[in-house]
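Have a look at the structure below before the remarks.
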Amino acid sequence: MSRLVVVSNRVADPRKSAAGGLAVALGEALNDTGGLWFGWSGKIVEPGQPEGRGPQLQRAGRVTLATVDLSREDHDSYYLGYSNGVLWPVFHYRLDLADFDAGYIAGYRRVNRLFAGKLMSLLQPDDLIWVHDYHLIPLAAELRAMGCTQRIGFFLHIPLPPPQILAAIPQHEWLIRALFAYDLVGFQSTIDVQHFSRYVRNEADAQVLGEDRYRAFGRTTMAQAFPIGIDVDEFMRLAHAREACETYDTMREQYSRRRLLIGVDRLDYSKGIPHRVRAFRELLQHYPENRHSATLIQIASPTRESVDAYADIRQELEGLCGAINGDFGDLDWMPVRYIHRTVARKRIPGLCRAADVGLVTPLRDGMNLVAKEYIAAQNPDDPGVLVLSRFAGAAEQLKEALLVNPYDVHGTAQAVQQALRMPLEERQRRHQALLARIREHDVHWWRRRFLDTLAQAGD
Ligand code: ADQ
């Protein structure tokens, strides 16, 4: 059996329980065959400091973690500049937030070349290489240029926008050409695959060879949707563990006479949090029976704070929440509890289980795992209702949620009202269907299907 090599911007020790579901799932795949996980160490070498030559190797069970430090300049242009200042906004359809500073691309290419060079020295002839996400699109092209002939697959965790939006990136053709260095390219949803297909047919004159294979730029690649899932069993175990039960009991006690709505996100403009808070305001305004009752707990973990757009959204959100509490709150009722912090992973299932409504309303999202976690955490006898944005990749699978257009604040408020009033029998029916779906397509299914397809790609 081939050895698996996973490459992602950051690596995580799969044995540590703090690691999220994805790290655990990838770690599990690596453990099966013994494998290598390669990426940035998270360390930045400041000018004047001695450069770590790396890669630094560390054993974690059967897995070898191989990491490389980045210089300040490389970090700022590759990570903050091109990855999070260009690719993240454009791939989330936000051309208005993209910073096309011409200097970033050089750093992006430099770091991908640096990673390729360091990784080459660690590869074995029959390795199967799995590269993750937008930070590393050109990695396979760099590896191929250095003589790498192993099978390489790529999975994009974020959406791929329609060709007309993608084409706004000055290097769009170079980026898509780079995808053809992979044997398999995986997307979250069929909409992303359609965008890829349209782009390569219209802009690169690609031939469609059937069975999801495309020929362009003198190479053939395969593109398919592999919707990522969660580890349902692990999440359910977490839901019944002490920390989650404590959180659940505290919430139910504090809000015994109230209806609880929950949002859990990274504080990112793609997650639609201000729109969600406005919809909550609309709920209180138009359906007054919810006053003194409905309470929104919004947890937003800090992220990428040195990128300007993130400071702006933080300010906007604080203003919105403060205004709702000022306008509607009372001595014994605070309508919005906004918490700008990361909550311990073990507590999340308890929070989700205590909430009558789960609000997952991104303006655009590759998949959104919180939607699936909310479903897994519910009590099947008395489940809460998931209100889900139609623009999350998850909406393609989770049709029994209440699907909303997050830009339509009034429509979202109506859906929340419907969720709050939904009869038990309907809640159970919807939840049962959703749970079956996330079980069938869980994270183990996702990685098996990707790796099986990659192992056969090009045969
Ligand atoms: P993210 O944009 O990070 O991931 P998401 O899929 O929702 O988004 O995953 C977030 C994870 O972090 C979840 O497990 C959630 O529980 C946890 N989390 C979020 N906010 C938290 C908080 N405040 N405190 C503690 N934990 C928190 C990217 C893409 C997604 C895609 C995933 C996986 O943007 O579209 O679903 O990768 O492919």
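Just so you know, ligand 1 is whichever comes first in the structure, and atom 1 is the first atom listed for that ligand. If you read the sequence from its start, that first residue is 1, and numbering goes on from there. Here the structure is a predicted model, which means the values were calculated and not measured.
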Discussion item. Within the 3.5 Å criterion, strictly below it, is a donor on Glu142 or Asn112 matched to an acceptor on the partner's side chain?
Written reply: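 No.
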Worksheet item: Under 3.5 Å, is there a donor-acceptor pair between the Asp365 and Gln188 side chains?
Response: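 Gln188 and Asp365 do not have a side-chain donor-acceptor pair below 3.5 Å.
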Please identify which atoms of ligand 1 are closer than 4.0 Å to at least one heavy atom of [X].
X	value
Arg345	14 (O), 16 (O)
Ser301	20 (N), 21 (C), 22 (C), 23 (N)
Lys271	1 (P), 2 (O), 7 (O), 8 (O)
Trp88	34 (O)
Arg266	1 (P), 2 (O), 3 (O), 20 (N)
Gln188	31 (C), 38 (O)
Val264	20 (N), 21 (C), 22 (C)
Val370	7 (O), 15 (C)

Discussion item. Just verifying a value: how many Å separate Ile191 CD1 and Glu396 CD, rounded to the nearest 0.5 Å?
Written reply: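 The distance works out to 5.0 Å.
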Discussion item. Does Gln254 have more than 12 heavy atoms from other residues, nucleotides or ligands lying within 6.0 Å of its CD?
Written reply: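 Correct, the count exceeds 12.
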Worksheet item: Does CD in Gln164 sit with more than 12 non-hydrogen atoms of other residues, nucleotides or ligands closer than 6.0 Å?
Response: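 Incorrect, the count does not exceed 12.
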Practice prompt. Determine whether the aromatic ring centres of Tyr78 and Trp40 lie less than 6.0 Å apart.
Written response: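 Aromatic pair excluded; centres sit 6.0 Å or further apart.
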Worksheet item: What about Phe391 and Tyr93, are their ring centers closer than 6.0 Å?
Response: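 Centroid distance Phe391-Tyr93: not below 6.0 Å, so no.
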Discussion item. Checking ring pair (Phe, Tyr, Trp, His ring centres under 6.0 Å) between Tyr108 and each of Tyr82, Phe115, Tyr134, which is the one that passes?
Written reply: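 So the option named by the test is Tyr82.
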Consider every N or O of [X] and every N or O of ligand 1, then say whether any pair is closer than 3.5 Å.
X	value
Gly366	yes
Asp265	yes
Glu373	yes
Ile228	no

Worksheet entry | Check: Glu373 and Val264 side chains under 4.5 Å, non-hydrogen atoms |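 In short, these two side chains do not touch, never coming nearer than 4.5 Å.
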Worksheet item: Using heavy atoms and a threshold below 4.0 Å, how should the contact between Ile348 and ligand 1 be classified: side chain, backbone, both, or neither?
Response: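 Under 4.0 Å from ligand 1, Ile348 contributes side-chain atoms alone.
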